[in-house]
Amino acid sequence: MASEYQKSDRRIVHCLLCEKPQEILTTHLSRVCMKKNTPEERLKEVKRAKESAKAWTRQARNWDYKEMVKRYPHRPSRLALLEELHQRNFFVANAPNQADLVYEETSSSTAAVPTARDPSGAAGVSSGADSGVSVAEVSSSENSTTDPSDRTWQKEGPQAEKRRRVKEEVGSPTPDFDAFLQAFPVGITGQPPNKTQRANAGFPADRVFYDKWRALQYSKREQHLLSKCSRLAPTAVTVAKVIEAEGWTANHPCPEDVIAKWRPLSRAQAQSDPNIIRGVTKQKWSGLAVKDFGEQKVVVATKAFGKGSILCDFHGKVITGAEGREMAEMQDELGNLFFFKHGSEEVCIDAETFPCECHPSLETIGRWITHSRKNYNVQPLHCILKLQGGDRHVLLFQATKDIVKDEKIRFDHGIKKRFYCGKKVELEWLDV
């Protein structure tokens, strides 16, 4: 019995990826929406979905009929929406009760009844005398050009007058949202205009434009946080530091939301990303260090990197494939020559010649990353960056998995050299 009760009482949580309700979200993600992801990534998504369900319960389930009147002036559509919300178990504050709706319908139907006159010509009662509506009232309603529901205001006093003013305000022309944004530009800093400022500028005093303004600022702040973490997968500590530095106390995404929305840079994005261009130009890549283990120097991570992060570039002089072959023939090992194809063009990056022409006084860290065909944790991403000296071929090292602190950085250059000493050189070209 206990197991049956637990199953029937299980809380439904919607998957935010496929937008479908799930009884066991972890199982659904592991089998359907995130079956190729790691358990840690699935746990983050479960947490995000549960927080979304809580936010919906606190906020989205509650409606206000006064706001509906402003947003939806067409009464039949508004009442249909009200009925639908009630059927779906939403809470609607200030909603009219059923008696008021019936009274309005009765008043509308009664106003259409024809009147009769007595032989003396005096106004008498209508044929619908049981309804208690006088000829004067019927005559007034016949001459009225307003909506039938407006006739009830003649009987309902101050509350009816308030509803009439709301309807007139909604129906009157108001400045659009583009004009509102011109008067109150949206940026990642600043506060939304308050009610007095909106009214003084000639805009409605309600919260419609106010809420839209805050939503735009929230989106801009989210993009700003993601741009700060474009090269590296964000952590909660990193995002929190940026938020604190900006001085934001409200209307900004939490670190967990930024982490969930972060995606690795595509080739096109990396080619124009200012953080990548700055790293290649200045050859300053944080989180990496060259260590000497006696037999060889290797690159190790001095901090953790998330999957998809850009660690550094393979830096050197860009030469043709033929020039690279000539250099390879004179070496016993491939060394720091990286061959790849760009379309039909064979290209080689020579990191063997040290120092490079563009950084004569710097130790480029990417040239010390070692090769491993089986245990690699980064892979090359070919880009063409627009630098001051013109377009340039660049290979970026992108993490293929999460990298922990003090882990050695390795990549598979995909090249085999079978014959040396000038006899024959066979290279397996890598398309990147």
Side-chain angles (χ1 to χ4, degrees), residues 36-38 40-41 230-233 235 264-267 270 275-276 279-280 283-318 321 324 327-328 331-342 347-356 359 362-383 385 393-418 420 425-432:
K36 294 184 179 180
N37 295 72
T38 63
E40 291 77 12
E41 292 173 333
S230 59
R231 182 175 74 89
L232 305 177
T235 63
L265 290 175
S266 64
R267 191 192 310 271
N275 296 324
I276 300 296
V280 173
Q283 281 299 297
K284 292 183 179 180
W285 303 99
S286 60
L288 299 175
V290 179
K291 292 189 177 182
D292 192 346
F293 285 86
E295 296 181 357
Q296 63 176 351
K297 290 183 178 181
V298 298
V299 179
V300 297
T302 59
K303 67 178 182 180
F305 291 95
K307 180 181 178 181
S309 299
I310 302 294
L311 276 64
C312 65
D313 69 323
F314 188 83
H315 198 79
K317 183 179 180 181
V318 180
M327 293 184 64
Q331 299 175 3
D332 293 333
E333 297 181 357
L334 280 174
N336 292 309
L337 297 175
F338 194 100
F339 296 85
F340 64 96
K341 281 186 177 179
H342 175 58
V347 186
C348 176
I349 293 183
D350 171 25
E352 185 71 21
T353 303
F354 176 79
C356 65
H359 299 88
L362 292 179
E363 175 74 47
T364 55
I365 200 167
R367 67 190 298 269
W368 293 109
I369 295 181
T370 54
H371 161 72
S372 176
R373 191 170 292 276
K374 294 183 179 180
N375 298 320
Y376 62 89
N377 49 20
V378 295
Q379 64 182 3
L381 176 67
H382 172 244
C383 298
L385 299 186
H393 291 283
V394 174
L395 293 179
L396 303 174
F397 284 127
Q398 190 170 35
T400 58
K401 61 179 183 179
D402 290 340
I403 299 175
V404 300
K405 183 180 179 181
D406 295 329
E407 183 177 351
K408 295 180 181 180
I409 309 301
R410 306 181 182 91
F411 80 105
D412 178 15
H413 55 45
I415 306 173
K416 297 178 182 178
K417 182 171 180 180
R418 300 171 182 170
Y420 302 101
V425 176
E426 293 185 1
L427 297 175
E428 181 183 306
W429 291 86
L430 178 66
D431 292 317
V432 292

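Here the structure is a predicted model, which means the values were calculated and not measured.
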Parallel, tilted or perpendicular: ring planes of His382 versus His393, cut at 30 and 60 degrees
parallel
Mark yes when over 12 heavy atoms from residues, nucleotides or ligands other than Lys317 sit less than 6.0 Å from its NZ; otherwise mark no.
no
Please evaluate residues Asn275 and Ile310 with respect to the criterion side chain to side chain contact (heavy atoms under 4.5 Å, CB included), reporting the C-alpha separation (whole Å), side-chain torsions for both, the decisive distance (0.1 Å), and the verdict.
CA-CA 10 Å; Asn275 296 324; Ile310 302 294; over 6 Å; no
Measuring from Phe314:CZ to Ile365:CD1, what's the distance to the nearest 0.5 Å?
13.5 Å
Calculate, to the nearest 0.5 Å, the distance between atoms CG and CZ belonging to Leu381 and Arg267 respectively.
5.5 Å
So does Gly308 get a backbone contact from the side chain of Gln398, meaning a donor-acceptor N/O pair under 3.5 Å?
yes
Could you grab the distance from atom OG1 of Thr364 to atom CG of Asp313, nearest 0.5 Å is fine?
8.0 Å
Give the intermediate values and the outcome of side chain to side chain contact (heavy atoms under 4.5 Å, CB included) for residues Cys312 and Ile369.
CA-CA 10 Å; Cys312 65; Ile369 295 181; 3.7 Å; yes
Looking at every heavy atom in both Ala289 and Thr302, which two are closest together, and how far apart are they?
CB-CG2, 3.7 Å
With rounding to the nearest 0.5 angstrom, report the CD1 to OG distance, Ile409 to Ser372.
12.0 Å
What distance do Gln379 atom CD and Phe411 atom CZ have between them, rounded to the nearest 0.5 Å?
12.0 Å
Taking every non-hydrogen atom, the tightest pair across Lys307 and Pro264
O-CG, 4.4 Å
Can you check side chain to side chain contact (heavy atoms under 4.5 Å, CB included) on Trp285 and Val280, steps first, answer last?
CA-CA 8 Å; Trp285 303 99; Val280 173; 3.8 Å; yes
Rounded to the nearest 0.5 Å, what separates atom CG in Leu311 from atom CZ in Phe397?
9.5 Å
Do the side chains of Leu232 and Phe305 get nearer than 4.5 Å, heavy atoms only?
yes
Taking all atoms of both residues into account, what is the closest heavy-atom pair of Ala233 and Ser309, and its distance?
N-OG, 2.9 Å
What one should report as the nearest heavy-atom pair of Val318 and Ile349 is CG2-CG1, 4.3 Å
Checking Arg410 side chain against Val378 main chain: does a donor-acceptor pair fall under 3.5 Å?
no
Minimum-distance pair of heavy atoms, taken over all atoms of Leu396 and Cys383:
CD1-SG, 3.9 Å
Taking all heavy atoms of Asn377 and all of Ile403, pick out the closest pair and write down the distance.
O-CD1, 3.9 Å
